[in-house]
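What follows is a set of notes on a single structure, which appears directly below.
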Protein chains: 2
Amino acid sequence: MRERKIVKNPSRAVAPRPGALNLGRLGEFVGFRLRRVQNQLSKDFASATADRGLRAGLFSSLSLIAANPGLSQNELSREIGLDKSVTVAIVDELERSGWAVRERSETDRRRHALHATAAGEAYLEELFGILEQTENAVLHQLSPAELLLLSELLDRMYAAALHEDS
Amino acid sequence: MRERKIVKNPSRAVAPRPGALNLGRLGEFVGFRLRRVQNQLSKDFASATADRGLRAGLFSSLSLIAANPGLSQNELSREIGLDKSVTVAIVDELERSGWAVRERSETDRRRHALHATAAGEAYLEELFGILEQTENAVLHQLSPAELLLLSELLDRMYAAALHEDS
DNA sequence: TATTGTTATACTCTATAACTATA
DNA sequence: TATAGTTATAGAGTATAACAATA
């Protein structure tokens, strides 16, 4: 068998599950916990939507287009944090599937004004339903007050992170 | 310019920054906020360590090996959530760089008992220092109590997510 | 000159499958 | 038979650079 050093872990908030590894200093970092939860969550969503061949970024892109009609590809790229060349591929697929359309902007002919179609909106409803299910499987452990607080903390962190870049 | 629909966003906890897009229903989901923050955090860390050519998973792997001397590659794979074939490449690089070594387990000759070297431990200290800096840039917005609570909530979510899989 | 969108391309990340050596 | 590790390989995911059209 394998021997293990005892490592102090000051920020551990719940008991480790039996058989779990010692996290060492890694356990002191919020970023590690964040990644761990997020990985798990996105794997759950991926396997719940595996039959649709949903490529990365497509869901959130469609959602942002629906919420912001007339959005440009550049604005979309910035919001999802991906290169504009990736956005081209995403919008290509959205158009091919009939979920969104590119229209030339009338005020600036370089820009594409993106719009979700009725089919796209319907598809979104479906995906949101699945996302809600997979999230609830994890979030039902938290009270509504805790959920609200969690969102608030994450928003404050995100705002601080964006500020760092500028 | 672009016109925008007004979309209700019940779980928004802080005011959107000016010029920010409407998140629509996406803003109702914790997973989205989680991903957003985590992406930003990992980009910050990546650019702070860009000069070292740090491949994905290497840092956390080395950290886990250091905290659990004698760890097998299989156990490591499970903990970092990657396939064992990926772990081979990671351990190859750790060994090539002199940060860890493979030793044959004496009780089960199929297993490799992984150990961090002194150089590996020193390298870890360096990386933890950088991680601490990049995290602090974002986390100094939160009080110690809030940080503790955040960790606890994330741990509960992770535990629930793991339970889902089984 | 600068910006929007596009294409080509290359590099990284990751999983699958087939193999070996041990158990 | 089953498990630990390895290799080869293929498919995503992503960024960079060069380009055309428009501002």
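By convention in this document, chain letters (A, B, ...) are assigned in the order of the sequence lines, proteins followed by strands, and residues within each chain are numbered from 1.
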* Hey, quick one: are Leu62(B) and Val86(B) part of the same hydrophobic cluster, counting side-chain heavy atoms closer than 4.5 Å, chains of contacts allowed? ->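 As far as the 4.5 Å side-chain criterion goes, Val86(B) and Leu62(B) are connected within one cluster.
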* To do: Kindly work out whether a path of hydrophobic side-chain contacts (I/L/V/M/F/W/Y, heavy atoms less than 4.5 Å apart) joins Val88(B) to Leu71(B).
  =>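 Cluster IDs for Val88(B) and Leu71(B) differ.
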* Can you run down the salt bridge (Lys or Arg N to Asp or Glu O under 4.0 Å) pairs that involve residues 45-64 of chain A, sequence neighbours left out, and say none if there aren't any? =>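 Residue pairs with at least one partner in residues 45-64 of chain A: Arg52(A)-Glu126(A).
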* To do: Kindly write out the residues that satisfy side chain to side chain donor-acceptor pair (under 3.5 Å) with Ser77(A), not counting sequence neighbours, or none if the list is empty.
  =>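 Applying side chain to side chain donor-acceptor pair (under 3.5 Å) to Ser77(A) gives Thr87(A).
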* Glu125(B): what forms a side chain to side chain donor-acceptor pair (under 3.5 Å) with it, not counting sequence neighbours? ->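 Glu125(B) satisfies side chain to side chain donor-acceptor pair (under 3.5 Å) with Arg25(A) once adjacent residues are dropped.
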* Which pair of heavy atoms, one from Asp44(A) and one from Ser47(A), lies closest together, and at what distance? ->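 Smallest interatomic distance, heavy atoms only, reads O-OG, 3.1 Å.
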* **Heavy-atom pair with the smallest gap, counting every atom of Gly31(B) and Leu41(A)** =>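 Closest approach of Gly31(B) to Leu41(A), heavy atoms only: CA-CD2, 4.0 Å.
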* Is Asn22(A) reaching over with its side chain to a backbone N or O of Asn68(B), donor-acceptor style, under 3.5 angstrom? ->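 Checked: no pair found.
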* Counting distance only, does the side-chain N/O of Thr117(B) pair as donor-acceptor with the main-chain N or O of Gly98(B) below 3.5 Å? ->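 Between the backbone of Gly98(B) and the side chain of Thr117(B) there is a qualifying donor-acceptor contact (under 3.5 Å).
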* Please tell me which of Leu82(A) and Val86(B) maps to the more 5' nucleotide of DNA chain D, matching each residue to the nucleotide holding its nearest heavy atom. =>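 Residue closer to the 5' terminus by nearest nucleotide: Val86(B).
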Using a cutoff of under 3.5 Å, can you pull out all pairs of nitrogen or oxygen atoms linking the protein to nucleotides 3-6 of chain C, with atom names and distances?
residue	atom	partner	partner atom	Å
dT3(C)	O4'	Arg110(A)	NH1	3.3
dT3(C)	O2	Arg110(A)	NH1	3.0
dT4(C)	OP2	Asn74(A)	ND2	2.5
dT4(C)	O5'	Asn74(A)	ND2	2.9
dG5(C)	OP1	Gln73(A)	N	3.2
dG5(C)	OP1	His112(A)	N	2.8
dG5(C)	OP2	Gln73(A)	N	3.3
dG5(C)	OP2	Asn74(A)	N	2.6
dG5(C)	O3'	His112(A)	ND1	3.4
dG5(C)	N7	Lys84(A)	NZ	3.1
dG5(C)	O6	Lys84(A)	NZ	3.2
dT6(C)	OP1	Arg102(A)	NH1	3.2
dT6(C)	OP2	Gln73(A)	OE1	3.0
dT6(C)	OP2	Gln73(A)	NE2	2.8
dT6(C)	OP2	Arg102(A)	NH1	2.7

* Taking 5' to 3' order, which nucleotide of DNA chain D is first and which is last to have an atom within less than 4.0 Å of a heavy atom in chain A? ->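 Nucleotide range in contact with chain A: dG13(D) to dA23(D).
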* **Secondary-structure notation, DNA chain C, from Watson-Crick and G-U pairs under 3.5 angstrom (| other strand)** => |||||||||||||||||||||||
* Under the criterion side chain to side chain donor-acceptor pair (under 3.5 Å), which of Arg102(B), Arg111(B), Arg78(B) is the partner of Gln73(B)? ->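 When Arg102(B), Arg111(B), Arg78(B) are each tested with Gln73(B), the side chain to side chain donor-acceptor pair (under 3.5 Å) holds only for Arg102(B).
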